[in-house]
Number of protein chains: 2
Amino acid sequence: MSDPDKKVNQSVVKAFALLDAFTNEKTSWGVRELALKTGYNKSTTYRLLNTLASLNIVHQNSNEKYSLGSKLFELGNRVAIYKAITKSTNAPIKNVALEIQETVLLSILKEDQVFHINKADSLHGLKINTSIGSYQPIHATASGKLLLAFSKRDIQNEILKRIQLTKATQHTITNLKSLKKELDTILSQGYALDVEEFELGLVSIAIPICNKSGNIIACISASGPLSRFRTENIPSYINILQKGVIIMEEEFKDFDRL
Amino acid sequence: MSDPDKKVNQSVVKAFALLDAFTNEKTSWGVRELALKTGYNKSTTYRLLNTLASLNIVHQNSNEKYSLGSKLFELGNRVAIYKAITKSTNAPIKNVALEIQETVLLSILKEDQVFHINKADSLHGLKINTSIGSYQPIHATASGKLLLAFSKRDIQNEILKRIQLTKATQHTITNLKSLKKELDTILSQGYALDVEEFELGLVSIAIPICNKSGNIIACISASGPLSRFRTENIPSYINILQKGVIIMEEEFKDFDRL
DNA sequence: CCAAAGTGTTTCACTTTATGAAACGGTGTT
DNA sequence: AACACCGTTTCATAAAGTGAAACACTTTGG
């Protein structure tokens, strides 16, 4: 996918590495701490932040710390494909979230990971904090396993060759044979379940979204605490998710992939 | 605000100038045409795009053209302040849009312009295409005039000194004295109207969103074609907008500015 | 009250890095 | 077969970024 031999502009790489340090957990950085974090020289970090600030990509707060700026928000909102998806899925996933009373995510397969495109929060105080635009491992999530299970066989095998089955909890599938068996189960039952495979106490259930050719192009999942989860409610969860899927499949019928 | 003397990293500036060429009107570019557009050398453009592609900031489509990529979407979704606003206003502005049956925008004053933070589309086929993250002139929009009218007097005067009253249509206010009079009218009547001042055939109405101290921090507006607009419906429009404002003012009561 | 330790910022000799004209290897068109 | 277009690569040249150290300032603590 990426050719490491190709010459890339180091300054640009550094600039984006700086931006990548601004996460949901840490939204503002000082020059020195950011230099320490990224390993760049203090001067370099300062000048890059200064450049980014002049472009409104970052913003220097009154306390001298830097945060991400409005221009980045603007550019993010221009990413055509995701913008279209966000717009057309806001309503259906919101309705699903209201009915199912758990956090609902719309996700796709991207670079051997699960990529979350849109989200509707649960109204409960206790909810997962996965965010839009973030990635999660394929093998340890309901969405990931489902997307992989429903992928074409050759793509599935390619991905299975590349990914590492890293252990996230004691319930994570770390064995290739077990994972393949799980994928078969998911394909036959039509939904995927993740019971504490990625995070202890967290349960997810996912079902596919297909285009008019019947190929999977995305999935929708509901995630919540184990304490609220009841096995006997699975058909009901699927039923609610399915109502959202029907609407979204109409929107996505002509897509080959998202 | 920005110091032109300060040394900035040219490569980074160029990289973002390239990204800025990707608009809602033109979402994909080839190397040569983008080089032509930005004035950069073909090689430079190519290498920068290559760098950005390796970071997933842009994505090279199968037809060899480049589009904005998922990483930019991800970064855009990390801009903390706007993310929080987007989240808490999605529902109220959506409800307003449904009831008022026109496109609804949530906007703030930023860098002497109107900055649109969130949007709910009208269900009508005919609707404005202003997008989230975009800017519009203060003096030629309902939102802009309203935000300025309700601003503190010293801030208002500062802005009035700096902005150009550029003519957008034959109805645009291009005279400072007329604009000041209009601001007074808006302040006393509590809402702002824009009838074809920015674009022919386009009408907007805006009302303020204030914090608990009573200071304006944002505004909400409805925009639609002149053909659907009736003067006698203004009280009804305001009434619907007001219902959304009440909910949002609860969310924003502790903000000093957005 | 002054010293120490923190911050963001500026400087300047050094050298790494980006630059751009031209050539390259494709593909599609006339 | 000649042309025109595309993205890509090359390589000598020149410009640009680099980083240690100094600077100016604020906050902290004995």
Side-chain angles (χ1 to χ4, degrees), chain A residues 1-22 26-72 80-81, chain B residues 1-22 26-69 71-72 80:
Chain A
M1 180 134 293
S2 60
D3 188 343
D5 291 341
K6 282 193 181 170
K7 285 285 188 314
V8 292
N9 186 309
Q10 306 287 354
S11 303
V12 174
V13 170
K14 282 176 196 162
F16 279 100
L18 292 185
L19 293 180
D20 216 16
F22 294 81
K26 183 152 178 61
T27 58
S28 77
W29 291 87
V31 173
R32 283 171 136 92
E33 57 174 348
L34 188 52
L36 198 69
K37 156 86 181 177
T38 55
Y40 303 142
N41 184 281
K42 182 162 57 77
S43 304
T44 303
T45 306
Y46 168 72
R47 277 184 301 246
L48 284 172
L49 282 174
N50 212 55
T51 303
L52 293 169
S54 76
L55 298 166
N56 278 315
I57 298 296
V58 300
H59 171 250
Q60 190 166 21
N61 303 347
S62 46
N63 60 1
E64 295 198 319
K65 297 215 169 192
Y66 291 85
S67 306
L68 296 181
S70 63
K71 187 71 190 183
L72 195 59
I81 178 86
Chain B
M1 182 135 295
S2 59
D3 188 344
D5 291 341
K6 283 193 181 171
K7 285 284 187 315
V8 292
N9 186 308
Q10 307 285 357
S11 304
V12 175
V13 170
K14 283 175 195 163
F16 278 100
L18 292 184
L19 293 180
D20 216 15
F22 293 82
K26 184 152 176 62
T27 59
S28 77
W29 290 87
V31 173
R32 282 172 135 92
E33 57 174 346
L34 188 51
L36 199 69
K37 155 86 181 178
T38 54
Y40 303 141
N41 185 281
K42 184 161 56 76
S43 303
T44 303
T45 306
Y46 168 72
R47 277 184 300 247
L48 284 172
L49 281 174
N50 213 54
T51 303
L52 293 169
S54 76
L55 299 166
N56 279 314
I57 298 296
V58 300
H59 173 248
Q60 190 166 22
N61 304 346
S62 46
N63 59 1
E64 293 198 323
K65 296 214 170 193
Y66 292 83
S67 307
L68 296 181
K71 188 72 190 181
L72 194 59

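Only a predicted model underlies this, so the values are computations on that prediction, with no experimental measurement involved. We name chains A, B, ... by the order of the sequence lines, and we start the count at 1 in each one. Only heavy atoms go into these numbers, but all of them, side chains included; no hydrogens, no water, no symmetry mates.
Side-chain nitrogen and oxygen atoms of B:Asn41 include at least one within less than 4.0 Å of the OP1 or OP2 phosphate oxygen of C:dA21. At the phosphate of D:dA14, neither OP1 nor OP2 sits under 4.0 Å from any side-chain N or O atom of B:Gln10. In this structure, B:Gln60 does not reach the D:dC6 phosphate: none of its side-chain N or O atoms is under 4.0 Å from OP1 or OP2. Contact between the side-chain N/O atoms of A:Thr44 and the OP1/OP2 oxygens of D:dG17 is not found at any separation under 4.0 Å. One finds no side-chain N or O of B:Lys42 lying less than 4.0 angstrom from the OP1 or OP2 phosphate oxygen of D:dT9.
With distances taken from any side-chain atom of B:Tyr66 to the nucleotides D:dG17, D:dT8, C:dT9, the minimum falls on D:dT8. For A:Asn9, whose side chain is taken as the heavy atoms from C-beta onward, the closest listed nucleotide among D:dG17, C:dG20, C:dA18 is C:dA18. Closest to the side chain of A:Ser43, out of C:dG8, D:dT8, D:dG19, is D:dG19. Of the candidate nucleotides D:dG17, D:dG7, D:dT18, D:dG7 has the atom lying nearest to any side-chain atom of B:Arg32. You'll find that the side chain of B:Tyr46 is closest to D:dT9, out of D:dT9, C:dG8, C:dT19.
Between the NZ atom of B:Lys65 and the P atom of D:dC5 there is a distance of 14 Å, rounded to whole Å.
Each of B:Lys14 and B:Glu33 has a nearest nucleotide on DNA chain D; the 5'-most of these lies closest to B:Glu33. Remark on DNA chain C: of its neighbouring residues A:Gly30 and A:Val12, the 5'-side contact belongs to A:Gly30, judged by nearest-heavy-atom nucleotide. In terms of position on DNA chain C, the residue among A:Arg47 and A:Ser11 whose nearest nucleotide sits closer to the 5' end is A:Arg47.
Expressed to the nearest 0.5 Å, how far CG of A:Leu68 lies from CG of A:Leu52 amounts to 9.5 Å. How far CG of A:Leu18 is from CG of A:Leu34: 5.0 Å, rounded to the nearest 0.5 Å. Taking OG from A:Ser28 and CD from A:Glu33, the interatomic distance works out to 7.0 Å, rounded to the nearest 0.5 Å.
Ring centroids of A:Phe16 and B:Phe16 are separated by less than 6.0 Å, placing the two rings close together.
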